[in-house]
Participant: 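Got a structure for you, written out below as structure tokens; questions coming shortly.
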Amino acid sequence: MQAVILAAGMGRRLGELTKGQAKCMVKVNGISLIERMLHILDSKGLSRIVIVVGYQSIRLKEAVASFEIHTPICYVENTAFEKTNNIYSLALAAEYLQEEDTLLLESDLIFEDAIVSCMLEDERETLALVDKYENWMDGTCLVLDKEDNIVDFISGKLLDYKEKNSYYKTVNIYKFSRQFSRQFYLPFLKAYTAVMGDNEYYESVIKFSLLLDKSVIKAKRLDGGKWYEIDDKQDLDIAGILFTKNAKDRYQRMAGRFGGYWRYPHMLDFCYLVNPYFPPEKMMREIASNMGQLLTQYPSGMATNCLLASKNFGIREEHIVVGNGAAELIKELLGKLGGKLGIICPTFEEYANRYGRDGCIVMDTAEMDFTYHSEDIIRYFSGKKANSLVVINPDNPTGNFMALSECGQLAGWCESQGMSLILDESFSDFAEGDIRGNTALTEEFLLKHPNVFVIKSISKSYGVPGLRLGILASFQSCLIDEIKKSVPIWNLNSYAEFFMQVLGKYQQDYMEALKKLKKDRGLFYEGLSDIKGLKVYPSQANYFMCEIVSGMMSESLAAECLERDLLVKDLSSKIGNGKQYIRVAVRRAEENSRLVEALRQIIDRNGKLK
């Protein structure tokens, strides 16, 4: 068995990274793609490695010579790399393909050692390595039958995304038997290029040969193997996270993305806090059915969208403003209030970050075991001369919740002190009891307490963080009007507007979603509390803060969770009292159970190692 690597391309999409060097010389975590690939192949007992080179071939050969590869290496020169494609590169290696069974690879891949092993160990002679199609994948896809026959090759231009769950993506690693190359592939290659020319792809020849005999090449399905194809800088960033050897570094880099985790489809995100049961499938189908119009037409302006928010939340339009996420409204509101800001820590840091620590008066609840009431807040801030006070209810990350009567008491005291009160109710719908009885987002409350501003992240409570949608309400219509004028007139996209347009039809689904989440939260709490070495704080939100009392560091725990494709939030640096904390979101019951079992195993194993 030999290996043939196609490495003649220029990699133009990588921009300046491939100026002066071949695409496969680009590095992931300090190691070039070609060096990593060659070291893996070098351990497999191959007879030789054939590299088809072209762009910057001299520099590539010099680099390969420095890698201390023991397997003999041969080179094939593609001098026409600028005007040909990989079908021509493979044709240049035809003589080698006829001599031995071949493992064929493209040089812009990064993969685990086990992926090559699984191809070599499979007794079938001719294979195409495939993986289930995911949204991040580009290029040719396959349709397979139950016997691993390739029923169809589908180019990227012809993909039907409604059928994506049935697709497999070629990994661009193949195993060709010498007989297959001689009798099928190379004759078809010669005939195909005679008609179509050299600026084509070698997969087209495989597709052509399958028209005559579907059994000549089988699909090898990957089951969890790690790989990535590098075409641009975004790919490099993702591959860097996937293939970093240091688990803690991988966690820090993953957490530092602050989202975009749909690019990691095998990972369960317990870090970001959204409703797992809403929107319902029917609502998503309704949005999808209108995607063409929503994508190609402008959304409405601020006035229309405020009317929609007014309808959905029962607040007069002059008292409510919609934002591109709650973060936009937080920035606008705090910029207009000014003065000193009272905050309760630990908490959501967006508010404090807008003022800076020098502009904040901080109430630390660590000594109170993170449990507090309105009287505690009033006692602490009396005489502190804060101009505004922000209370997140339930608080993030502790889940501490104050009843509406306490919020009213606090609002009255703030008014007597000439203070504004910002109530962030992004998670209030998850609290036990009737949601209307837990919220200050009513005309009655706002009329009674004109110094109050209520902020709500629709993204979190309604499970649509991708829409970036939030609201701010207050009886101070003049200030609300100022905010409306200061944000862009099209601060919402059409998808967010359409979501608000149809939301009323799905209110019963929303109530059912809240019931399901509260039930799952109770079971999740029981499971987490049963783990020795973990102290779980009761929560009225869709997350739990947990103290690690086993002696394990929170960063290590979070890193080990990520190795199991579970992302949790490391809180220790945020709380800063020398103890170790994590926060975990409430997801669906079966997913929560998976995390509970993983935490139990990790903490138990860590204790035994000590």
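We count residues from 1, following the sequence as given. Everything numeric here is computed off the predicted structure, so don't read it as measured data. Worth knowing before you read on, the calculation uses all heavy atoms, side chains too, and leaves out hydrogens, waters and symmetry mates.
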Participant: Crowded around K311 NZ? As in, over 12 foreign heavy atoms under 6.0 Å?
Facilitator: yes
Participant: Within a strict 4.5 Å, meaning less than it, do heavy atoms of the F381 and Q417 side chains meet?
Facilitator: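 No, side chains not in contact.
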Participant: Please assess R379 against D376 for the test salt bridge (charged side-chain N to carboxylate O under 4.0 Å, His left out), listing each intermediate value before the final yes or no.
Facilitator: CA-CA 5 Å; R379 186 180 307 112; D376 300 310; 3.1 Å; yes
Participant: If you measure only the distance, is there a donor-acceptor pair under 3.5 Å linking the side chains of N396 and R583?
Facilitator: yes
Participant: With side-chain contact (heavy atoms from CB on, under 4.5 Å) as the test, pick out the partner of I320 among I315, I480, L308.
Facilitator: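 By the side-chain contact (heavy atoms from CB on, under 4.5 Å) criterion, I320 pairs with just one of I315, I480, L308: I315.
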Participant: Is a side-chain donor-acceptor pair under 3.5 Å present for D369 with Y537?
Facilitator: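 Yes.
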Participant: So, are D237 and K233 salt-bridged, with charged N and O less than 4.0 Å apart?
Facilitator: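 Result for this pair is no, no salt bridge flagged.
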Participant: Before giving the answer on side-chain contact (heavy atoms from CB on, under 4.5 Å), spell out for V322 and I458 the whole-Å C-alpha distance, their side-chain angles and the decisive distance to 0.1 Å.
Facilitator: CA-CA 10 Å; V322 293; I458 309 305; over 6 Å; no
Participant: Crowded around K384 NZ? As in, over 12 foreign heavy atoms under 6.0 Å?
Facilitator: yes
Participant: Taking the six-membered ring of F453, is the NZ or CZ of K336 close enough (under 6.0 Å from the centre) and on axis enough (within 45°)?
Facilitator: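 Here K336 fails the 6.0 Å and 45° test against F453.
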Participant: If you draw a 6.0 Å radius around NZ in K484, do more than 12 non-hydrogen atoms from other residues or ligands fall strictly inside?
Facilitator: yes
Participant: Please find the pair of heavy atoms, one from Q580 and one from S554, that lie closest to each other, and give the distance.
Facilitator: OE1-N, 2.8 Å
Participant: Would you tell me whether E443 and H319 have side-chain atoms, one donor and one acceptor, within less than 3.5 Å of each other?
Facilitator: yes
Participant: Is the closest basic N to carboxylate O distance between E350 and R354 below 4.0 Å?
Facilitator: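 So E350 pairs with R354 through a salt bridge.
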Participant: Please report the shortest heavy-atom distance between A589 and D520, naming the atom on each side.
Facilitator: N-OD2, 3.4 Å
Participant: Between the side chains of E318 and R316, is the shortest nitrogen-to-carboxylate-oxygen separation below 4.0 Å, so that they form an ion pair?
Facilitator: yes
Participant: Cation-pi check for Y581 against K574: NZ or CZ below 6.0 Å from the six-membered ring centre and within 45 degrees of the axis, yes or no?
Facilitator: no
Participant: Which heavy atom of P279 sits nearest to which heavy atom of G463, and what is that distance?
Facilitator: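 Shortest heavy-atom separation between P279 and G463 comes out as CD-O, 3.6 Å.
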Participant: Are D249 and R253 within salt-bridge range, i.e. N to O under 4.0 Å?
Facilitator: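 A salt bridge is present here (some side-chain N lies under 4.0 Å from a carboxylate O).
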Participant: Checking E526 now: which residues fulfil salt bridge (Lys or Arg N to Asp or Glu O under 4.0 Å) with it, not counting sequence neighbours?
Facilitator: none
Participant: Taking atom NZ of K519 as the centre, does the number of heavy atoms from other residues, nucleotides or ligands within less than 6.0 Å exceed 12?
Facilitator: no
Participant: Side chains of S426 and D424: do they bring a donor and an acceptor to under 3.5 Å?
Facilitator: yes
Participant: Are R257 and Y264 close enough that some pair of their side-chain heavy atoms sits under 4.5 Å apart?
Facilitator: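 In contact.
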Participant: Using a distance-only test with no angle check, is there a side-chain donor-acceptor pair under 3.5 angstrom linking N305 and S300?
Facilitator: no
Participant: Please assess I483 against L472 for the test side-chain contact (heavy atoms from CB on, under 4.5 Å), listing each intermediate value before the final yes or no.
Facilitator: CA-CA 10 Å; I483 293 176; L472 165 65; 3.5 Å; yes
Participant: Should I455 and L333 be marked as a side-chain contact (heavy atoms from CB on, under 4.5 Å) after you check the CA-CA gap, both sets of side-chain angles, and the distance that decides it?
Facilitator: CA-CA 10 Å; I455 286 180; L333 176 62; 4.1 Å; yes
Participant: Within this structure, what is the CG-CG distance for the pair D231 and L236, rounded to the nearest 0.5 Å?
Facilitator: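 Between D231 CG and L236 CG, I get 9.5 Å after rounding to 0.5 Å.
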Participant: Is it the case that over 12 heavy atoms from other parts of the model lie below 6.0 angstrom from the CD atom of E134?
Facilitator: yes
Participant: Please identify each residue that fulfils salt bridge (Lys or Arg N to Asp or Glu O under 4.0 Å) with K132, with sequence neighbours left out.
Facilitator: none
Participant: Could you walk me through whether F313 and V454 satisfy the side-chain contact (heavy atoms from CB on, under 4.5 Å) test, starting with their C-alpha distance in whole Å, then the side-chain angles of each, then the deciding distance to 0.1 Å, before giving a yes or no?
Facilitator: CA-CA 12 Å; F313 295 98; V454 180; over 6 Å; no
Participant: Q409 versus E375: any side-chain heavy-atom pair under 4.5 Å?
Facilitator: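 Counting from C-beta outward, Q409 and E375 do come under 4.5 Å.
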Participant: What's the shortest heavy-atom distance between R468 and N324, and which atoms?
Facilitator: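 That would be CB-OD1, 2.8 Å.
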Participant: If you take the centroid of each ring, where Trp contributes its six-membered ring, are Y543 and F427 closer together than 6.0 Å?
Facilitator: yes
Participant: Counting heavy atoms not belonging to K516, are there more than 12 under 6.0 Å from its NZ?
Facilitator: no
